[in-house]
Number of protein chains: 2
Amino acid sequence: MPTISKEDYIKTIFNFHNEDGLPVTTSKIANKLEVTNSAISEMAKKLAMEGYLDYSKYKGMNLTRSGEKVAMQILRRHRLWELFLIEVLGLSWDEVHDEAEKLEHSTSDSLIDKIDEYLGFPKFDPHGSPIPQRNGILPKIPKSIPLTDCEVGNSYSIVRVNDSDNELMAYLLKIGLVLSSSLFLSDRLSFDNSITIKLADATYSLSEKVAEQIFVAEEIL
Amino acid sequence: MPTISKEDYIKTIFNFHNEDGLPVTTSKIANKLEVTNSAISEMAKKLAMEGYLDYSKYKGMNLTRSGEKVAMQILRRHRLWELFLIEVLGLSWDEVHDEAEKLEHSTSDSLIDKIDEYLGFPKFDPHGSPIPQRNGILPKIPKSIPLTDCEVGNSYSIVRVNDSDNELMAYLLKIGLVLSSSLFLSDRLSFDNSITIKLADATYSLSEKVAEQIFVAEEIL
DNA sequence: TTATGATGTTAAGCATGCTTAACTTTGTCT
DNA sequence: AGACAAAGTTAAGCATGCTTAACATCATAA
């Protein structure tokens with residue numbers, strides 16, 4: 001059993017790898033976990049020794065099969081807890097991430113299976129991310145593209161939002177940018193790649209950084 | 001905020017003090033937490049410095065007001081989780097203790113308040129122990145006596161069971177010794193203070209150690 | 001192609017929370 | 001009282017996971 005720290009490293013590596021398929025760099029993880037690069041280098045060696053990582057100096061990290069298995073367990077716990085907290089206990093979109101972040105390290109397999117059953121074996125969490133099943137398999141996700149890659153002048157519906165930051169979630173919730181809502185992409189500034197969207201008759205400007213977190217599908221008219 | 005370790009120390013000290021009102025000894029805690037006496041001595045110094053304990057060498061420990069406040073928080077989290085796991089997720093009497101033991105260290109005040117509300121602000125947990133309220137006040141418990149102090153020839157109803165050991169809980173559940181069931185105390189061996197009880201037409205012998213964990217009220221006939 | 005800044009790694013050191021081993025205090029039995 | 005065992009404490013050392021500071025490698029622009 002990995003420690004809480006190691007679980008966090010493995011989860012973070014999985015998430016980054018999942019974004020672009022590239023080996024994950026030291027700085028990315030350090031930045032995310034709010035520790036120094038040197039902590040990452042050290043831990044990378046340990047995780048590699050324990051068989052969770054393929055790692056060669058200066059070349060970044062990739063999870064092994066064994067590491068991926070652990071990642072699936074953690075994502076399963078995290079995402080089921082998020083859904084449970086919203087559906088059953090009435091927490092809001094922006095509250096659940098931090099709570100799940102803690103609970104995911106304190107939940108036995110048998111408890112998480114009970115929660116899964118209680119929720120009716122859901123396939124997606126409240127942010128549209130797929131929930132790994134008991135067997136470790138990740139449900140197929142609907143085709144989606146980041147808002148940064150969309151064409152000005154088209155309408156899209158929200159399929160998934162990265163739940164990395166709770167302030168962002170609170171903002172998106174406030175303006176009504178939630179799962180399955182529709183938006184119209186009205187403009188993009190090439191200066192900073194910020195975009196302008198129309199959402200329920202209001203207009204908002206979103207930075208590139210924000211737009212990157214939002215995944216949409218083309219609206220079927 | 002105390003660490004997980006410190007929370008465990010504070011909780012354990014509270015529980016022992018609650019049993020007999022005496023200053024809690026090093027060995028008792030060491031035995032319960034499965035660490036050596038020296039670990040307890042060290043931690044006692046730290047907790048005293050941080051204001052959670054009154055402690056003078058060789059004399060045992062008592063919680064301060066501040067320590068008691070922390071103890072109430074932890075007990076609240078533990079007992080609400082136990083009830084929630086049984087009532088909502090269908091875990092059994094013997095499974096909940098270990099799960100709650102982990103969850104109690106990973107639950108924010110706001111989440112535990114939501115759980116409290118969901119359960120309708122219950123006063124007692126599944127083992128009959130009082131659940132500290134949001135303001136830190138412990139509900140009054142019904143008058144009860146340990147089975148070790150009962151008179152042979154009388155009938156009693158189960159009011160509370162110490163949930164310290166899950167094997168014990170599984171056994172008690174198996175023989176039907178659960179909250180509010182009735183038993184008849186038919187014998188006590190002065191040799192080892194073991195007792196014989198009648199429960200739903202079956203007869204069982206319980207060691208003194210087991211009897212100490214069971215609290216009853218005289219049956220009103 | 002080489003200098004330079006960014007990125008990554010190593011080394012030394014620290015806090016936490018544990019261990020074992022040596023030592024101290026306490027309480028009890030005679 | 002005083003000796004002896006049980007209980008408690010201290011000291012030294014270890015693993016984990018972090019830090020800062022020094023050093024190594026990489027990537028790219030002149």
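Here is how names work: the chains are called A, B, and so on, in the same order as the sequence lines, proteins then strands, and each is numbered from 1. Keep in mind the model is a prediction, meaning the values are calculated, not measured.
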Exercise for review: Kindly say whether, by distance alone, the side chain of A:T36 makes a donor-acceptor pair under 3.5 Å with the base of D:dT20?
Suggested key: no
Exercise for review: Ignoring hydrogens and angles, tell me if any N or O in the side chain of A:H17 forms a donor-acceptor pair with the backbone of A:L22 under 3.5 Å.
Suggested key: yes
Point to revise | Side-chain donor/acceptor contact of B:S38 with base of C:dT20 under 3.5 Å | key: yes
Check your understanding: Does B:Y9 put a side-chain nitrogen or oxygen below 4.0 Å from OP1 or OP2 of C:dC18?
Key -> yes
Point to revise | Note, A:H127 side chain near A:L179 side chain (heavy atom, < 4.5 Å) | key: no
Practice item. Give a yes/no answer on whether the side chain of A:K59 brings an N or O atom under 4.0 Å of OP1 or OP2 in D:dT25. Key: no
Review point. Which residue lies toward the 5' end of DNA chain D, B:Y55 or A:V35, if each is placed at its nearest nucleotide?
Key: B:Y55
Point to revise | 5' precedence on DNA chain C between A:E42 and B:T3 (nearest-nucleotide basis) | key: A:E42
Check your understanding: To the nearest Å, how far apart are B:K45 NZ and D:dT9 P?
Key -> 9 Å
Practice item. Would you mind classifying the nucleic acid contact of A:K28 as base, sugar-phosphate or nothing, using non-hydrogen atoms under 4.0 angstrom? Key: nothing
**Study point:** Distance, rounded to the nearest Å, where A:L47 contributes CG and D:dG17 contributes C1'
**Key:** 12 Å
Study note, to complete from the structure: Rounded to whole Å, the CG-C1' distance (B:L33 to C:dG17) equals 12 Å
Check your understanding: What is the nucleic acid contact for B:S5, judged by heavy atoms within less than 4.0 Å: base, sugar-phosphate only, or nothing?
Key -> sugar-phosphate
Revision key, fill the gap. Between CD1 of A:I29 and C1' of C:dT7 the distance, given in whole Å, is 13 Å
Study note, to complete from the structure: Sorted by position of nearest nucleotide on DNA chain D, 5' first, the leading residue of A:K57 and A:N37 is A:N37
Exercise for review: Return the value, rounded to whole Å, for the distance between atom CD1 of B:I4 and atom C1' of C:dC18.
Suggested key: 15 Å
Exercise for review: Check every strand shown and say whether B:K6 touches a base, only sugar-phosphate, or nothing at a heavy-atom separation below 4.0 Å.
Suggested key: sugar-phosphate
Check your understanding: With respect to B:D116, which candidate in B:R79, B:R76, B:R77 satisfies the salt bridge (charged side-chain N to carboxylate O under 4.0 Å, His left out) definition?
Key -> B:R76
Check your understanding: Between A:D8 (CG) and D:dT16 (P), how many Å, whole number?
Key -> 17 Å
Check your understanding: Are the side chain of A:R188 and the backbone of A:C150 linked by a donor-acceptor contact shorter than 3.5 Å?
Key -> yes
Practice item. Could you check whether B:T26 gets within reach of a base, just the sugar-phosphate, or nothing at all, counting any heavy atom under 4.0 Å? Key: sugar-phosphate
Review point. Rounded to the Å, how far apart are B:K46 NZ and D:dT10 P?
Key: 13 Å
Check your understanding: Quick one: are B:D187 and B:I195 in side-chain contact, heavy atoms under 4.5 Å?
Key -> no
Review point. In whole angstrom, what separates A:N31's CG from C:dA6's C1'?
Key: 14 Å
